[in-house]
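Notes follow the structure.
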There are 2 protein chains.
Amino acid sequence: MQPKRNTWQREAVRASLAQARGFVSAQQLHQALRDGGSTIGLATVYRTLASLVETDEADTLQSPEGESLYRSCATKGHHHHLICRGCGDTVELSANLVEEWSQRVGAEHGFTEIDHVVDLFGLCARCRAKGDGAAA
Amino acid sequence: MQPKRNTWQREAVRASLAQARGFVSAQQLHQALRDGGSTIGLATVYRTLASLVETDEADTLQSPEGESLYRSCATKGHHHHLICRGCGDTVELSANLVEEWSQRVGAEHGFTEIDHVVDLFGLCARCRAKGDGAAA
DNA sequence: TTTCTAAATGAGAACGAGTCTCACTCTAGC
DNA sequence: GCTAGAGTGAGACTCGTTCTCATTTAGAAA
């Protein structure tokens with residue numbers, strides 16, 4: 001649920017999320033805030049991120065390791081992501097092709113209320129130049 | 001790594017996975033085996049599933065909750081899934097359209113070594129008829 | 001401005017999926 | 001049948017996330 005009060009903690013999470021280049025975990029965000037001198041609690045970071053996701057102010061996806069990652073997205077509404085597995089940099093994608101495909105394929109098999117998870121992972125030009133296959 | 005010995009535990013996991021309609025979690029599989037009278041350990045179920053995935057005898061994906069789910073897939077090689085969120089029933093999809101799209105979009109943004117996560121979730125005809133939106 | 005109340009917070013306990021350890025078991029080669 | 005060592009099971013452990021509850025505080029009302 002979205003909160004009824006504005007707190008500096010909520011603003012701090014929003015700001016920290018906004019200045020991150022790509023997707024970050026709740027733990028990373030919490031650590032970054034603590035490193036910046038904040039006394040914010042981990043539970044609050046989780047709660048705030050969940051509420052930002054609920055109000056469409058943030059996007060979330062699962063890392064391949066199963067961790068939840070968050071990002072403050074410029075594009076409102078449904079979209080997908082192309083994420084650099086080197087530096088985490090993220091490109092937002094709209095993909096009508098994929099939307100149509102998923103609806104069509106779903107219908108072909110008698111499925112309704114089709115939802116889909118579509119995310120691309122790759123190596124951005126900068127990381128490739130660095131020969132940086134994995135490190136952040 | 002694939003094991004060098006055949007054990008009844010490995011066969012039991014393979015069989016139990018094969019008779020599951022759709023994707024199941026390691027925990028579910030372990031419980032099912034225990035319920036069936038097996039004394040198999042949870043660690044063994046995890047180890048066996050990991051090795052089945054490694055030898056392409058099983059597919060794995062993350063549930064929206066972040067749990068790893070497993071399935072014994074008929075289609076070898078790369079493919080995607082259309083999964084009923086009611087009963088878990090699964091349709092295997094090949095999607096050249098999506099493969100091409102992901103490569104193209106990646107290239108357009110200067111990304112290489114593109115990998116992708118593409119899964120569709122919906123409600124199959126049977127579950128819709130039952131008015132069954134969520135339950136298993 | 002002060003008061004008041006319940007929303008929001010923080011610390012840490014609890015939870016759950018998954019991994020690791022290690023003594024024991026059992027496969028398979030001899 | 002004997003044996004080595006691969007495989008197993010119980011449970012401790014890790015780590016991300018959620019819950020609990022006493023405390024703090026935003027913001028409406030006085």
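To find a chain, count down the sequence lines: A is the first, B the second, and so on, and within it residues start at 1.
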Its contact letters, B for base, S for sugar-phosphate only and - for none at protein heavy atoms under 4.0 Å, make nucleotides 8-13 of chain D read BBBB--

Please report whether the ring centroid of His116(B) lies less than 6.0 Å from that of His80(B). yes

Under-3.5 Å donor-acceptor pair between Arg5(A) side chain and dA8(C) base: no

How far does the helix from dT1(C)-dA30(D) to dC30(C)-dG1(D) bend, going by the axes of its first and last five pairs, to the nearest 10°? 30°

May I ask you to verify if any side-chain N or O of Ser68(A) is less than 4.0 angstrom from the OP1 or OP2 atom of dT17(D)? yes

Can a side-chain donor-acceptor contact be found between Glu99(A) and His78(A) if the only test is distance below 3.5 angstrom? yes

Can you measure Leu61(B) atom CG to dA17(C) atom C1' for me and round it to whole angstrom units? 16 Å

Provide the full list of ring-ring contact (aromatic ring centres under 6.0 Å, His included) pairs with a residue in residues 11-68 of chain B, sequence neighbours left out, each pair given once. Phe23(B)-His81(B)

Check side chain to side chain donor-acceptor pair (under 3.5 Å) between Ser38(A) and all other residues, then give those that pass, not counting sequence neighbours. none

Below 4.0 angstrom from OP1 or OP2 of dT19(C), is there any side-chain N or O of Tyr46(B)? no

If I take atom CG in residue Leu49(A) and atom C1' in nucleotide dT18(D), what distance separates them, rounded to the nearest angstrom? 14 Å

Could you give the CD-to-P distance, from Glu65(B) to dG16(D), as a whole number of Å? 19 Å

Among all residues two or more places apart in sequence or in another chain, which pass the salt bridge (charged side-chain N to carboxylate O under 4.0 Å, His left out) test with Asp89(A)? Arg126(A)

Would you tell me whether Gln9(A) and Thr44(A) have side-chain atoms, one donor and one acceptor, within less than 3.5 Å of each other? no

Would you call Glu57(B)-Arg71(B) a salt bridge at under 4.0 Å N-O? no

Check the distance between dG7(D)'s C1' and Glu11(B)'s CD and give it to me in whole angstrom. 14 Å

Nearest-Å distance for atom pair CG/C1', residues Asn6(B) and dG29(C): 14 Å

Under-4.0 Å salt bridge between Arg104(A) and Glu100(A): no

Counting the atoms with a prime plus P, OP1 and OP2 as sugar-phosphate, which does Gln27(A) contact under 4.0 Å by heavy atoms, base, sugar-phosphate, or nothing? base

With sequence neighbours excluded, what pairs up with Arg47(B) under the salt bridge (charged side-chain N to carboxylate O under 4.0 Å, His left out) test? none

